[in-house]
Protein chains: 2
Amino acid sequence: MSPTVASTGRVPVTIGAMESSSAASGGSTRREATRQKLYEAAVTLIAEQGFSATTVDEIAERAGVAKGTVYYNFASKSVLFEELLRHGVGLLTASLREAAERTAAEGGNKVDALDAMIRAGLVFIDRYPAFTQLYVAELWRTNRTWQSTLMVVRQQAVAVVEDVLRDGVAAGEFSEEIDISLTASALVGMVLVAALDWKSFQAERSLDDVHAALSRLLQGRVSGCR
Amino acid sequence: MSPTVASTGRVPVTIGAMESSSAASGGSTRREATRQKLYEAAVTLIAEQGFSATTVDEIAERAGVAKGTVYYNFASKSVLFEELLRHGVGLLTASLREAAERTAAEGGNKVDALDAMIRAGLVFIDRYPAFTQLYVAELWRTNRTWQSTLMVVRQQAVAVVEDVLRDGVAAGEFSEEIDISLTASALVGMVLVAALDWKSFQAERSLDDVHAALSRLLQGRVSGCR
DNA sequence: GAATTTGAACTGACTGGTCAGTGCAAAAAC
DNA sequence: GTTTTTGCACTGACCAGTCAGTTCAAATTC
């Protein structure tokens, strides 16, 4: 699973191994490896500086690859970015869905499922902080070429949360009066911002600390609970 | 309060009137007016495209001003941006603090104060969506010239929420076990993301709808409340 | 199994264009 | 007459994308 990367002492910001056309055949693993390196280089640079401020030369240099290679592997700078987005959000939604299904299999209720998804979200952000940062920075922008990609990808992620809320209402666990989509957004925001603040400003805290704080908030154990 | 803007049919994205050195003296209002126009132009363009992708020529053009005027009024493109940030967050914190103080004066408890601040946050985002968007996009970035400005400004805003939480714990209204800073971050995130999603993807909803959904979440009336 | 061919992968110098910031003389506003 | 704005030409740096050429491992031929 972990990619075979050259010996940079950098923090692993891997966006996971890509399995696509070359799964069964022992075929072009080389190409996948360079694409992976480019993803890793691009994700941190763009998270730090933004898309426009990051040059293709920088990405190539950090990936340890010539500029031409970038264009051999991706049609353009924004295509590279779009594929990075799609790939990263794919990992996130898979992880969220897995968390929800796991609690269901273990006989947990829907609050447990939400709680497990919060943890899965935190684990994801803990592992891929740069990706998360970049995602948040681009999500609400308009007028950009990858806008449609972003919309699709956002909907995938939010839908997982919405599904759990819907099931919870159907099962009588949540009030019928909750607004599914607004509540889902709010929950996502809660996790996203708390986690980014955690990573940026108090990195010394443990994941369990953050999870505990968010759980408390979710279960209304902060504000009295009438 | 509402600025005297030229006759563009554009949505008012004003960042409020600036009172600084020219408060008492009836002095150079003219200069302030062009600065205001530049803020308005810059905030929407940067929100849409990002800082680096926005050119000074564009800003000048949208403000209906010559390029030279931009540099007559601001030392550089990033100085313009920094002052925009400081100014906008100043408005936000003032509004949050005012909401908290108003409920206190009316004899409300701390949950009421939080609720009022949620509403104040929503009202702010409703009025200045572009500013909010731009703020979120930049907040967690590192390695940029205005990083320190951003940190200061963030701390101001979060501190208002933290103060209310601290008071609530002291008054025995909130559990002693809550983590002040993490909870504050989470609450801010809840409002921020829900509101941005509202403005971006379901602009037809009313502010009251959004407020109601967030209130419910705050008071734990979503997840059973045991 | 040595010699030769093939082609996917990669390279990096180069091009055409863009943009932040400057300089300044003249006009307008106050 | 001072402050502010205008218009516009100019510079130097920077950058996305191109392309002719290189590399090398595997396939093919003899």
Side-chain angles (χ1 to χ4, degrees), chain A residues 3-6 18 20-42 45-46 48-84 143-146, chain B residues 3-6 18 20-22 25-42 45-46 48-84 143-146:
Chain A
T4 48
V5 183
M18 231 200 159
S20 56
S21 55
S22 62
S25 66
S28 66
T29 316
R30 180 143 166 249
R31 195 134 189 247
E32 286 311 323
T34 52
R35 287 173 73 98
Q36 184 65 40
K37 280 196 289 182
L38 285 169
Y39 281 156
E40 286 172 39
L45 284 168
I46 297 179
E48 277 166 17
Q49 305 176 322
F51 175 81
S52 308
T54 301
T55 69
V56 175
D57 288 278
E58 275 178 314
I59 296 174
E61 191 192 348
R62 181 169 294 191
V65 139
K67 188 178 188 177
T69 306
V70 177
Y71 286 93
Y72 182 77
N73 284 281
F74 300 95
S76 70
K77 186 185 171 187
S78 19
V79 167
L80 161 56
F81 183 59
E82 277 182 74
E83 297 196 11
L84 181 58
N143 292 352
R144 307 216 101 184
T145 48
W146 55 79
Chain B
T4 48
V5 183
M18 231 199 157
S20 56
S21 54
S22 62
S25 65
S28 66
T29 316
R30 185 153 158 243
R31 197 137 187 243
E32 286 311 325
T34 51
R35 288 172 71 98
Q36 183 66 39
K37 281 197 288 182
L38 285 169
Y39 281 157
E40 287 172 38
L45 284 168
I46 297 179
E48 278 167 16
Q49 305 176 324
F51 176 81
S52 309
T54 302
T55 69
V56 175
D57 289 277
E58 274 178 315
I59 296 174
E61 190 192 349
R62 182 169 293 191
V65 140
K67 188 178 183 178
T69 307
V70 177
Y71 285 93
Y72 183 78
N73 284 280
F74 298 95
S76 69
K77 186 185 170 187
S78 22
V79 167
L80 161 55
F81 183 59
E82 275 182 78
E83 297 196 10
L84 181 58
N143 292 352
R144 308 215 98 183
T145 47
W146 53 80

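Protein chains get the first letters and strands the later ones, always in sequence-line order, with residue 1 at the start of each.
Residue Ser76(A) places none of its side-chain N or O atoms closer than 4.0 Å to OP1 or OP2 of dA16(D). Under 4.0 angstrom from either OP1 or OP2 of dA8(C) there lies no side-chain N or O belonging to Asn73(A). Close to dC10(C), at under 4.0 Å from its OP1 or OP2, lies no side-chain N or O of Tyr72(A). Phosphate proximity of dT4(D) to Thr69(B): absent, as no side-chain N or O sits under 4.0 Å from OP1 or OP2.
Lys77(B) and Thr54(B) get closest at one heavy-atom pair: NZ-O, 2.7 Å.
Side-chain atoms of Leu80(B) and Val56(B), non-hydrogen and from C-beta on, never get closer than 4.5 Å to each other.
When the P atom of dT6(D) is taken as reference, atom OH of Tyr71(B) falls 16 Å away, rounded to whole Å. If you take CG of Leu80(B) and P of dC19(C), they are 17 Å apart, rounded to a whole angstrom. What separates CD1 of Ile59(B) from P of dC19(C) is a distance of 12 Å, to the nearest Å. Look at CZ on Arg35(B): it is 15 Å from C1' on dT5(D), rounded to the nearest Å. Distance NZ (Lys37(B)) to P (dT4(D)): 15 Å, rounded to an integer number of Å. Distance Arg31(A) CZ to dG7(C) C1': 13 Å, rounded to the nearest Å. Rounded to a whole Å, the NZ atom of Lys77(B) is 8 Å from the C1' atom of dC19(C).
Among the protein residues, Ser52(B) comes within range of no part of the nucleic acid, since none of its heavy atoms lies under 4.0 Å from any strand. Counting any heavy atom pair closer than 4.0 Å across all strands shown, Thr54(A) reaches sugar-phosphate atoms only and no base atom.
At a cut-off of 3.5 angstrom, counting only N and O atoms as typed in the model, there is a donor on one side and an acceptor on the other between the side-chain of Lys67(A) and the base of dG17(D).
When each of Gly68(A) and Phe51(A) is assigned the nucleotide of DNA chain D bearing its nearest heavy atom, the one mapping closer to the 5' terminus is Phe51(A).
Each of dT5(D), dC10(C), dA20(C) was ranked by its minimum atom distance to the side chain of Asp57(B); first place goes to dA20(C).
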